[in-house]
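Structure record follows, encoded as structure tokens.
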2 protein chains.
Amino acid sequence: MDRDAAAARQEIALLLRRLNVELDAVGQRFAELHGLNRTDVRALVAIMDAARRGEALTAGRLGEAVDLRSASVTALVDRLEKVGHVRRVRDPEDRRRVGLELSDSAMAAGAEHFGGLARDLSAAMEDYTEEELALVRRWLEDMTGVIMRHSRGAP
Amino acid sequence: MDRDAAAARQEIALLLRRLNVELDAVGQRFAELHGLNRTDVRALVAIMDAARRGEALTAGRLGEAVDLRSASVTALVDRLEKVGHVRRVRDPEDRRRVGLELSDSAMAAGAEHFGGLARDLSAAMEDYTEEELALVRRWLEDMTGVIMRHSRGAP
DNA sequence: CGTTAATATCTCGACGATCGAGATTATCGA
DNA sequence: TCGATAATCTCGATCGTCGAGATATTAACG
């Protein structure tokens, strides 16, 4: 087996890790720009993702999304509510539940920051043919599958 | 311009984000398995990266790598030293400096966990031709460039 | 129904990670 | 030699997270 090919694959793996670092830094930058911490940003993203999917997150489900216990979720939502990024909305169906709604300003800030990145990524991909992108997509799915076996299940 | 193509590019961008989440989870898992926090893991990885490059990190440069102030670096190295993952080694050239050396056990644990992922990623890439991997590589470099413009410089 | 169990969130006290300011020790430059 | 600069450490304060327990609401079941 070619050593060159193996080295090339290792380089690609390193490149992927580098991309990972930079992608995390995008969230970090959003946090700094808006006086938030990493958890706050992850929470806002989770709420935005749910909103884009048409569902409003409850406090509990947000906790699952960002892996926090209920006490921390209460503190988290307190922080986000205090700066006006989210509203608590009691669910009339089940009055124990607390729904979370993003404010327009938070929605706009998120769209500006992360939507801008998505737009630029999409634009950069215009240089690729449909077949090339299909290959990239298959590769991404393959790598994600491998990574998930390490991030969740057995070694 | 085709709406299908634009949608396909957006899907790939989402796939990339998903991969990023799982890659973060790999570090998270390593942290849980070894009773560490995220910062500790990032520090160990930074020290391992430097070691693989042949240089020993000083406390100060580690702080730059993981973005911590000196007070926090002291506490961080205290933690890692207490569990036997690193040693402080005063630099004889400049006795103000504190070099950081990974213990064999920490090195082994890191190689096991992250090296195992690298190995599996490399193996999964054996299904791709040289030309295909060259394309993937170019794509990764392009995307990283775009992302870096968002993680560092102007919006 | 009415009582008990289960669920969702919140409160409280404690702990750990991070920081700024300042102290300490070592090197460098004039 | 001596003052300026640099690298690390110490100390006290702040913030995010958690476990345990409290509160309020719904579900289950005789």
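On a predicted model such as this, the values are computed, not experimentally measured, just so you know.
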Value for CD1 (A:Ile12) from CG (B:Leu133), rounded to nearest 0.5 Å, stands at 4.5 Å

To the nearest 0.5 Å, what is the distance between CZ (A:Arg137) and CD (B:Glu11)?
4.5 Å

Write down the distance between CD (B:Glu81) and P (D:dT8), rounded to a whole number of angstrom.
13 Å

Pairs: protein N or O with nucleotides 10-14 of chain C N or O, under 3.5 Å:
residue: C:dC10; atom: OP1; partner: A:Arg88; partner atom: NE; Å: 2.8
residue: C:dC10; atom: OP2; partner: A:Thr74; partner atom: OG1; Å: 3.3
residue: C:dC10; atom: N4; partner: A:Ser70; partner atom: OG; Å: 2.7

Which residue, A:Asp91 or B:Gly99, contacts DNA chain D at a nucleotide closer to its 5' end, judged by nearest heavy atom?
B:Gly99

Nearest-Å distance, CZ (B:Arg61) to C1' (D:dA7)?
12 Å

In whole angstroms, the gap separating P of C:dA26 from CZ of B:Arg95 amounts to 5 Å

Smallest separation among heavy atoms of B:Met125 and A:Ala13, with atom names:
CE-N, 4.2 Å

Classify the side-chain pair B:Glu22/A:Ser151 by whether it contains a donor and acceptor separated by less than 3.5 Å.
yes

Nearest-angstrom distance from the residue atom CD of A:Glu64 to P of C:dA8
9 Å

Does OP1 or OP2 of C:dA17 have a side-chain N or O of B:Thr39 closer than 4.0 Å?
no

A:Glu93 atom CD is separated from D:dT26 atom P, nearest whole Å, by 10 Å

Compare all side-chain heavy atoms of B:His150 with those of A:Arg29 and state whether any distance is below 4.5 angstrom.
no

In Å, rounded to the nearest 0.5 Å, how long is the span from OG1 of B:Thr144 to CG of A:Leu19?
4.0 Å

Nearest to the side chain of B:Leu68, heavy atoms from C-beta on, is which of C:dT18, D:dT17, C:dT27?
C:dT18

Which atom pairs, one a donor and one an acceptor, fall under 3.5 Å between side chains of residues 65-74 of chain B and the rest of the protein, sequence neighbours left out?
residue: B:Asp67; atom: OD1; partner: B:Arg69; partner atom: NH2; Å: 2.9
residue: B:Thr74; atom: OG1; partner: B:Ser70; partner atom: O; Å: 3.2

Whole-Å gap separating C1' (D:dA13) and CZ (B:Arg69):
17 Å

What's the closest nucleotide to the A:Asn37 side chain, out of C:dG20, C:dT27, D:dG16?
D:dG16

For B:Leu62 and C:dT18, give me the distance from atom CG to atom C1', rounded to whole Å.
14 Å

Check: D:dA24 base within 3.5 Å donor-acceptor of A:Arg96 side chain:
no

Between C:dT24 (C1') and B:Arg97 (CZ): distance, integer Å
17 Å

